[in-house]
A.B. asks: 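Pasting in a structure now, in structure tokens, and then I'll have a few things to ask.
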Amino acid sequence: MRFTVRAPASSANLGPGFDALGLALDLWNEVEVDPEGEPGAILVQGRDAALLDGRENLALRAMRILAADHGRALPPFALTLRNQVPVARGLGSSAAALVAGLLAADRLLGLALADGEIYAAAWRMEGHGDNVGAALYGGAVLAVPNAGGVVRLSPGDDLGLVAVVFIPEVTGATWAARAALPGTVPHPDAAFNVATAAGLSVGLLTRDHALIGAGMRDRLHEPYRARLFPHLTPLMDAARDAGAVGACLSGAGPSVLALATPECAAAVSAAFEAEARRVGVIGEAVTLALVPQGAAVIEAAVRLSVGGG
Ligand code: HSE
């Protein structure tokens with residue numbers, strides 16, 4: 001009866017696709033549901049477990065909301081969360097938790113909802129469809145309001161690119177990064193982003209690195225968020241100078257993401273770390289594959305192993 005759901009990290013926006021573009025990354029959170037375990041028990045293990053202490057558990061919240069939406073009550077169960085995705089760094093940890101919770105509740109209640117229904121519920125809860133789309137479907141996705149479902153741009157692993165991510169030690173808050181945005185933007189900036197977001201989407205669809213690079217330029221949120229994250233512009237510049245195809249703020253930050261060919265990844269990673277030292281931001285650069293798999297119920301035999309803590 002015990003089962004595990006896993007969901008990947010994701011990077012939202014990719015520069016110009018604010019609240020619209022998402023990309024799944026090879027870093028996973030697991031939610032194990034044990035109906036025979038101590039009812040109500042929640043154990044959080046793995047990366048940043050201490051940061052989640054005392055916070056509302058988003059997977060459990062998603063489970064409760066889905067059950068209520070379907071007029072059902074959840075049976076008793078114990079939850080174990082094994083996390084690899086850094087918390088509050090712009091890498092979609094809350095989207096992974098939400099999506100995993102929705103799939104867990106779907107399985108527990110035997111609802112057998114279609115992915116589109118899970119996606120709609122996740123979008124409603126998160127408020128935008130970028131991270132949750134990537135977490136649920138994998139690959140690179142586009143969340144278009146009223147499209148009736150996710151738009152899958154690429155499975156990710158066919159792009160010939162990896163993600164080099166600089167993850168600062170310091171956390172960020174999505175609400176603060178959204179509060180930093182102006183109520184209105186100049187029309188030329190909006191027009192610029194229409195072109196770059198469309199170009200980036202086509203670049204991801206056609207695996208055109210030059211178009212992806214030209215498209216990963218933003219004027220709607222990064223210039224404003226750079227005031228919160230002074231490391232953003234120097235690190236993006238350093239990554240591009242080191243040969244990255246493109247670079248951007250990952251989600252609402254503070255992580256910085258570069259897309260690079262595997263041959264360039266080590267140079268981009270070294271450039272991130274050198275520039276971070278120069279500007280005085282503590283953190284680490286990691287290189288992650290772009291994954292075609294999204295969240296799923298998995299069998300115990302292929303479960304991930306992450307450290308406790
Ligand atoms: N698109 C969102 C933002 C992602 O940039 O605020 C974080 O939830």
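Each ligand, and each atom within it, is numbered from 1 in the order the structure gives. Remember, it's a predicted structure, so these values are computed and weren't measured experimentally.
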A.B. asks: I want to check a possible cation-pi pair here: R152 against Y137, using under 6.0 Å from ring centre and within 45° of the ring axis as the test.
C.D. replies: no

A.B. asks: Considering only heavy atoms from C-beta outward, does the side chain of V165 approach that of R89 to under 4.5 Å?
C.D. replies: no

A.B. asks: Determine whether L74 and L108 make a side-chain contact, defined as any pair of heavy atoms from C-beta on separated by less than 4.5 Å.
C.D. replies: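 Of all side-chain heavy-atom pairs linking L108 with L74, at least one is under 4.5 Å.
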
A.B. asks: Quick test: of every protein heavy atom, which one is nearest to atom 6 (O) of ligand 1, and how far off is it to 0.1 Å?
C.D. replies: R178 NH1, 2.6 Å

A.B. asks: Which atoms of ligand 1 sit under 4.0 Å from any heavy atom of F18?
C.D. replies: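 Taking each heavy atom of F18 in turn, ligand 1 has 3 (C), 5 (O), 6 (O) under 4.0 Å.
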
A.B. asks: With respect to D19, determine whether any N or O atom, backbone or side chain, lies less than 3.5 Å from an N or O atom of ligand 1.
C.D. replies: yes

A.B. asks: Counting only nitrogen or oxygen atoms and a 3.5 angstrom limit, does N13 reach ligand 1?
C.D. replies: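 Yes, since at least one N or O of N13 sits under 3.5 Å from an N or O of ligand 1.
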
A.B. asks: Could you check if a side-chain atom of F77 sits within less than 4.5 angstrom of a side-chain atom of M63, using non-hydrogen atoms only?
C.D. replies: yes

A.B. asks: With a 4.5 Å heavy-atom cut-off, do P35 and P76 have their side chains touching?
C.D. replies: no

A.B. asks: Would you say R225 and ligand 1 have an N/O pair spaced under 3.5 Å apart?
C.D. replies: yes

A.B. asks: Name the closest protein heavy atom to atom 8 (O) of ligand 1, giving the residue it belongs to and the distance to 0.1 Å.
C.D. replies: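 Looking at atom 8 (O) of ligand 1, the protein heavy atom closest to it is H128 CE1, 3.0 Å.
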
A.B. asks: Starting from atom 4 (C) of ligand 1, what is the nearest protein heavy atom, named by residue and atom, and what distance separates them?
C.D. replies: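 Nearest neighbour among protein heavy atoms for atom 4 (C) of ligand 1, to 0.1 Å: N131 OD1, 3.6 Å.
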
